[in-house]
Number of protein chains: 2
Amino acid sequence: MRISARADYAVRAALQLAASQEDGPVKAEAIATAQDIPHKFLEGILNDMRRGGLVASQRGVNGGYRLARPAADISIADVIRVVDGPLVSVRGVRPPDLSYTGPAEALLPLWIALRSNVREILDGVSLADVATSRLPADVSALTHTPDAWVNP
Amino acid sequence: MRISARADYAVRAALQLAASQEDGPVKAEAIATAQDIPHKFLEGILNDMRRGGLVASQRGVNGGYRLARPAADISIADVIRVVDGPLVSVRGVRPPDLSYTGPAEALLPLWIALRSNVREILDGVSLADVATSRLPADVSALTHTPDAWVNP
DNA sequence: AGTATCCCTACCATTCCGATGGGAAAGATG
DNA sequence: CATCTTTCCCATCGGAATGGTAGGGATACT
């Protein structure tokens, strides 16, 4: 279960925009420096987010990027879907399009359960939540068990 | 959030072995045909599982593969970890090794919460559970909401 | 010996990550 | 109005990982 570099960078860039929402447009270069993201790679990601309607861009001297909607109205899942397609996929296909046979038949409901769980978290957390470090109570509760922080 | 082809194939192969546990070793070719997996690719995956101690192999005329432990003692997470490394990773690094700055700081607890949720499912479901189509009640409950089966 | 099966190495195609080099538009300035 | 700078925008290219193929060697049983 891997979260791609594109997705991670996109979310961080969006968070940076959420934090600078009042200060007018933010340049790609400024985001790249603040978040330590390869800046040319970031430009492509910002472009995807623009085409996906998450951010708006402004060229010229005092240009840059800004969020197209309030940060509280954009979920982490929204960002990931725009830059990476389906939130969770198996071999590149989304769970309902899979078909398993024999003893693997019950694998489909398992992936469905997994996706449902992932959605519950990523759909339920907004950019504003993360940018202000105020995660919803149910998500925060998951981090309070000490086991959650150690590697297997 | 992508589950790799290796992981999907590995789990399906392990399920096939779980279902044929009594019948002696199963040939790679037989698994490949039953589950429609490219058989040379599958051989490499079975090799990883052997090195990881999940399956045992037997060469020669009546050879093949079998599970090294009872199917009830192998979780889906065990299989994925053996063939794909960490269960969930961001840009290839596991969550506790990440470091975020500025407005992205709360992203780390979010990934931790996500991983904790994924673990709860994949560590808690065994090959025997899936092979017999008897998922644990809490997992099964997640599939009972109709929304879980539709795409966004 | 012979054969069936696992096992190992190398290779090809595609996608992901990232770097480079410019062009196009918007605004500032003369 | 013309030009210049700044910034977004676009197209291409190279290395690494993923997904998949091919051939042959090693070993266990008959």
Side-chain angles (χ1 to χ4, degrees), chain A residues 1-13 16-17 20 23-33 35-52 54-68 80 83-86 89-93, chain B residues 1-13 16-17 20 23-33 35-52 54-68 80 83-86 89-93:
Chain A
M1 299 234 45
R2 170 185 179 113
I3 291 165
S4 71
R6 290 182 68 78
D8 181 54
Y9 291 161
V11 172
R12 284 156 64 188
Q16 200 72 35
L17 292 180
S20 334
D23 318 342
V26 184
K27 299 186 236 306
E29 178 65 39
I31 302 174
T33 309
Q35 286 296 324
D36 195 34
I37 300 172
H39 87 283
K40 280 303 209 174
F41 190 39
L42 176 62
E43 281 194 0
I45 294 169
L46 287 166
N47 229 312
D48 288 346
M49 288 204 273
R50 180 181 55 87
R51 276 191 283 258
L54 291 186
V55 308
S57 64
Q58 175 66 35
R59 296 205 234 200
V61 169
N62 273 31
Y65 294 87
R66 59 181 173 76
L67 292 181
I80 297 181
V83 300
D84 252 5
S89 71
V90 179
R91 277 178 295 124
V93 330
Chain B
M1 300 235 46
R2 171 184 180 116
I3 291 165
S4 70
R6 291 182 67 77
D8 181 55
Y9 291 161
V11 172
R12 283 157 63 190
Q16 200 72 36
L17 292 179
S20 334
D23 318 341
V26 185
K27 301 187 234 308
E29 178 64 40
I31 302 174
T33 308
Q35 286 296 324
D36 196 33
I37 301 172
H39 89 282
K40 279 302 209 176
F41 190 39
L42 175 62
E43 281 195 358
I45 294 170
L46 286 166
N47 230 313
D48 288 347
M49 288 204 272
R50 179 181 56 87
R51 277 189 283 259
L54 291 186
V55 308
S57 64
Q58 175 66 34
R59 295 203 238 201
V61 169
N62 273 31
Y65 295 88
R66 60 180 173 76
L67 292 182
I80 296 182
V83 300
D84 252 6
S89 72
V90 179
R91 275 176 299 124
V93 330

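Please read all numbers here as calculations on a predicted model, not as lab measurements. The sequence lines fix the lettering, A, B, ..., with proteins before strands; numbering per chain opens at 1.
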Review point. Of all residues at least two apart in sequence or in a different chain, which pass the side-chain hydrogen bond (donor to acceptor under 3.5 Å, both in side chains) check with E43(B)?
Key: none
Review point. For the side chain of S4(A) and the backbone of A7(A), is there at least one donor-acceptor N/O pair under 3.5 Å apart?
Key: yes
**Study point:** For the student: nearest non-hydrogen atoms of A13(A) and M49(A), plus distance
**Key:** CB-CE, 4.2 Å
Review point. Does Y9(B) reach the side chain of Q35(B), with side-chain heavy atoms less than 4.5 Å apart?
Key: no
Exercise for review: Figure out the CD1/P separation between I45(B) and dC6(C), and round it to whole Å.
Suggested key: 14 Å
Exercise for review: Could you encode protein contacts along nucleotides 3-19 of chain D as a string, one character per nucleotide from 5' to 3', using B for base contact, S for sugar-phosphate-only contact and - for no contact, with a heavy-atom cut-off of under 4.0 Å?
Suggested key: ---BSBBB--------S
Exercise for review: Please examine the side chains of V26(B) and Q16(B), heavy atoms only from C-beta on, and report whether any two atoms are closer than 4.5 Å.
Suggested key: no
